[in-house]
Amino acid sequence: MSEQIPNMDYNADEVIKGFKEKFGWAKPDEVQAIVKPKKLLLRLLLSLLATIIAGGIVYYNMLPAMNFKDSQMYIFIITLIVIFMAAFSFACRANKLIERKAYVKSKTKYPVAIIAVLVLIMVVGSVIGATVFRAGAYSRLMPVTDSKFSEDFKSISYDSVPRIDQDRALTLADQQLGSLAEYKSQYVVSNTTTMINYKGNPVRVAYLEYADAFKWFNNTKEGLPAYMIIDLVTQKVSVVNCKEKFGEGMKYSPTEWFNEQLYRHIRFQYPTAILDTPNFEINDEGRPYWITPVLDKTIGLFGGTDVKGAVITDALTGDSQYYSIEDVKSNAELQWIDVVYRDTLLLEQYNYYGKLQNGFWNSIIFQNDVNLASEGWGSLALNDDVWIYTGVTSSESDSSNFGFILCNQRTKETRYYQNGGAMENAAQRSAQDAVQNYGYKAVFPILLDIEGEPTYFMSLYGSSNTVKGYALVNLDDKTLVGTGLLDNTNKSDAQALNAAVENYIISLQDKGKIGNDVDLDDYIVDEEKPQADNKNEAKPTENGNTVKGKVSSIKTSVNNGNTVYYLEIGGKYYYISVADCMDVLLVNTGDTVTVTLGKKSNGVFIEATKVAK
């Protein structure tokens, strides 16, 4: 019996190894067989469905513009391809079956080729729009004209310019919100504001945000109930209750979720538009709107960012309307809009102008006639528009400026003034040195004309982030400083301002900068008279086809190459082209003029044929 039984003394692993070697058993990564999965069409449909669902979620959060000039669109398409490839691999069970994995791998060459083409388009598009190849085009993005300081700034009074910046305005808004029991537990003030000209006054407007997700859930049905107006001159904060004034709250804002979230709401309305950050503004009646600039890439595929229009969205109803940039500049009904070009875009375009006029390599190596905007900027109200102010210095960041610029945030008009002197940060240090015992800090200054002397004006603030006084510093000689503080002597804001300008004028006289015949009474702010208050102005008088009255604001637009002036008198706008009446160039806010009426009128905008002071 035992002779018939084979020898059982062997190693199983060795037997299996020998079997594999004899028959050439393939390793997983050596499989050459490609097996086409069954029900391939069904697997493709399932993969496509998964891609649509996942892609919809990605789009809902990413919100790219379906525009070949938006790099986000290419990234979104590549994401969709990757999602489809992963879904198809899973549907074919490539992770379980080696032969299916080989099949899926053989089919990836097509989507991979598409991704490669998209990446190539992005690379080539970026290269052909690079400043090294297109320096001339970049330098022409912003047209700059020379202007005279003495002419443009003579109508700006030091007691009507913004006295606080955005940080101080937000502090005041937060303090005001804290005193409102019906709002403070549910909402917070937005961390950004927009400076606008509202009824001839420089103000910042701030919207409210839901304090947290639970507060959003409890209040989103009614919308945001109010917004705030911070007067930059009087520093008073007004709360405008939208429900009381307009019958409803703001349903669309950046703080909303889902479809009422502002950017998503606008994207669904304008899927191909390249949208910039929306700005919160109010019209002359106080109705809240969102102004969303629509961008264009004017150089190569992704370079030369500029504004080609704006989407105006009613914050209460969500109704939106797109206007071209030419409409925004020339349409009289849109003159209330103040911010279309964001400050950083304007400064970026000016730096292209200053650096690249003589070519890219000159900006790097020789640096002949290369100049840049200095660090920091301020905002100024001029001709009922908001302008960005900043100094101009050399590429080596000298300790002084050789000029400064004003950039209009509605029209992009840019004016250069060749008035050199101390840089803004140097003026800030001079002002702080004058009050070093108090440890006050100075905000970014604004340049004004005091008796023909270019002068930096700035507010001083303490650790509580509130205004503690004012300082004036001479542009040419930063040692000439005048300060006025809110203390036991100067108990009011107007008294501190009067003290600052009085001390500054005395300093100018001591140095022989101005004569001793300057009347200080011309600069004294009347504490009893409400600043920037036009309620008590005399009403315009009509005599036949003429109207005589005080100009409360001036707006301008360009129509077919002609500059048109809109003079606000008694709540109505009288418009006339510079080509028809050169005298309109001499009119300033506050002047009393006589307007000869034309034939066209819609009740608010009235044609004029002549304007005389």
Side-chain angles (χ1 to χ4, degrees), residues 145 147 151-152 154-156 196-201 281-287 289 291 309-310 312 321-340 381-387 408-413 415 532 534-613:
T145 58
S147 196
E151 293 181 1
D152 290 353
K154 64 181 180 182
S155 62
I156 303 176
I196 63 173
N197 257 315
Y198 181 57
K199 297 182 178 180
N201 304 326
E281 294 198 35
I282 57 176
N283 66 4
D284 293 336
E285 288 72 43
R287 191 175 182 90
Y289 287 88
I291 314 301
I312 315 301
Q321 179 64 50
Y322 170 78
Y323 295 93
S324 70
I325 192 61
E326 293 304 321
D327 284 338
V328 174
K329 293 178 181 179
S330 62
N331 190 335
E333 296 181 356
L334 301 177
Q335 295 299 300
W336 59 269
I337 297 173
D338 285 307
V339 180
V340 180
L382 180 65
N383 294 336
D384 205 29
D385 276 330
V386 175
W387 299 70
N408 191 310
Q409 288 198 271
R410 180 175 63 87
T411 66
K412 202 175 76 169
E413 178 188 354
R415 303 174 184 177
N534 300 321
K535 293 182 180 179
N536 298 322
E537 286 185 1
K539 294 183 179 180
T541 57
E542 298 184 10
N543 184 13
N545 68 333
T546 64
V547 172
K548 183 177 181 180
K550 187 176 182 179
V551 179
S552 56
S553 71
I554 301 175
K555 301 177 183 292
T556 61
S557 66
V558 179
N559 191 1
N560 295 326
N562 296 317
T563 301
V564 180
Y565 273 67
Y566 298 81
L567 308 181
E568 184 182 6
I569 303 174
K572 297 181 180 180
Y573 289 92
Y574 299 86
Y575 63 92
I576 189 169
S577 171
V578 173
D580 297 330
C581 179
M582 294 288 289
D583 290 342
V584 74
L585 293 171
L586 305 177
V587 177
N588 297 309
T589 301
D591 290 345
T592 299
V593 299
T594 299
V595 178
T596 302
L597 306 181
K599 298 180 179 179
K600 299 179 181 179
S601 172
N602 65 358
V604 177
F605 295 95
I606 303 169
E607 181 186 29
T609 60
K610 184 180 179 181
V611 176
K613 296 179 65 173

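A quick note: this is a predicted structure, and the numbers were derived from the prediction, not measured. Atom set for the values below is all heavy atoms of this structure, side chains included, hydrogens, waters and symmetry mates excluded.
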Here the pair of heavy atoms bringing I282 nearest to W336 is O-CE3, 3.6 Å
May I ask you to decide if T596's main-chain N or O and N545's side chain share a donor-acceptor pair within less than 3.5 Å? no
Value for CD1 (I606) from OH (Y573), rounded to nearest 0.5 Å, stands at 12.0 Å
Shortest non-hydrogen pair, R410 vs I337, comes out as CD-O, 2.9 Å
NZ (K600) and OG1 (T609) are apart, to the nearest 0.5 Å, by 12.5 Å
Rounded to the nearest 0.5 angstrom, the CG-CG distance for D338 and D384 is 6.5 Å
In short, salt bridge (charged side-chain N to carboxylate O under 4.0 Å, His left out) pairs touching residues 580-590 with sequence neighbours left out are none
On a heavy-atom basis, the closest approach of A310 and I291 is CB-CG2, 4.3 Å
Correct closest heavy-atom pair for A332 and Y566 would be CB-CE2, 3.5 Å
Side chains of Y565 and L585: does their closest heavy-atom pair fall under 4.5 Å? yes
By side-chain hydrogen bond (donor to acceptor under 3.5 Å, both in side chains), D591 pairs with (sequence neighbours left out) K613
I'd like to know if the side chain of N283 reaches the main chain of R287, judged simply by a donor and an acceptor atom lying under 3.5 Å from each other, with no hydrogens or angles considered. yes
Here the gap from L382 atom CG to I156 atom CD1, rounded to the nearest 0.5 Å, amounts to 4.5 Å
For R415 and W387: C-alpha separation, side-chain torsions, deciding distance, then whether side chain to side chain contact (heavy atoms under 4.5 Å, CB included) applies. CA-CA 10 Å; R415 303 174 184 177; W387 299 70; 3.6 Å; yes
Could you walk me through whether N588 and K154 pass side chain to side chain contact (heavy atoms under 4.5 Å, CB included), step by step?
CA-CA 9 Å; N588 297 309; K154 64 181 180 182; 3.9 Å; yes
Scanning both residues in full, the closest heavy-atom pair of I576 with V611 reads CG2-CG2, 4.0 Å
Margin query: Checking L597 against T546 for the side chain to side chain contact (heavy atoms under 4.5 Å, CB included) test, could you report, in this order, the C-alpha distance in whole Å, the side-chain angles of both residues, the deciding distance, and whether it holds?
Written below: CA-CA 6 Å; L597 306 181; T546 64; 6.0 Å; no
**Study point:** Stepwise side chain to side chain contact (heavy atoms under 4.5 Å, CB included) test for I569 and V593
**Key:** CA-CA 9 Å; I569 303 174; V593 299; 3.8 Å; yes
Heavy-atom closest pair (Y574 atom, A608 atom, distance to 0.1 Å) is CB-CB, 4.5 Å
Rounding to 0.5 Å, atoms CE (M582) and OG (S577) come to a distance of 10.0 Å
Interatomic distance, CG@N408 vs CG@N383, rounded to 0.5 Å, equals 9.0 Å
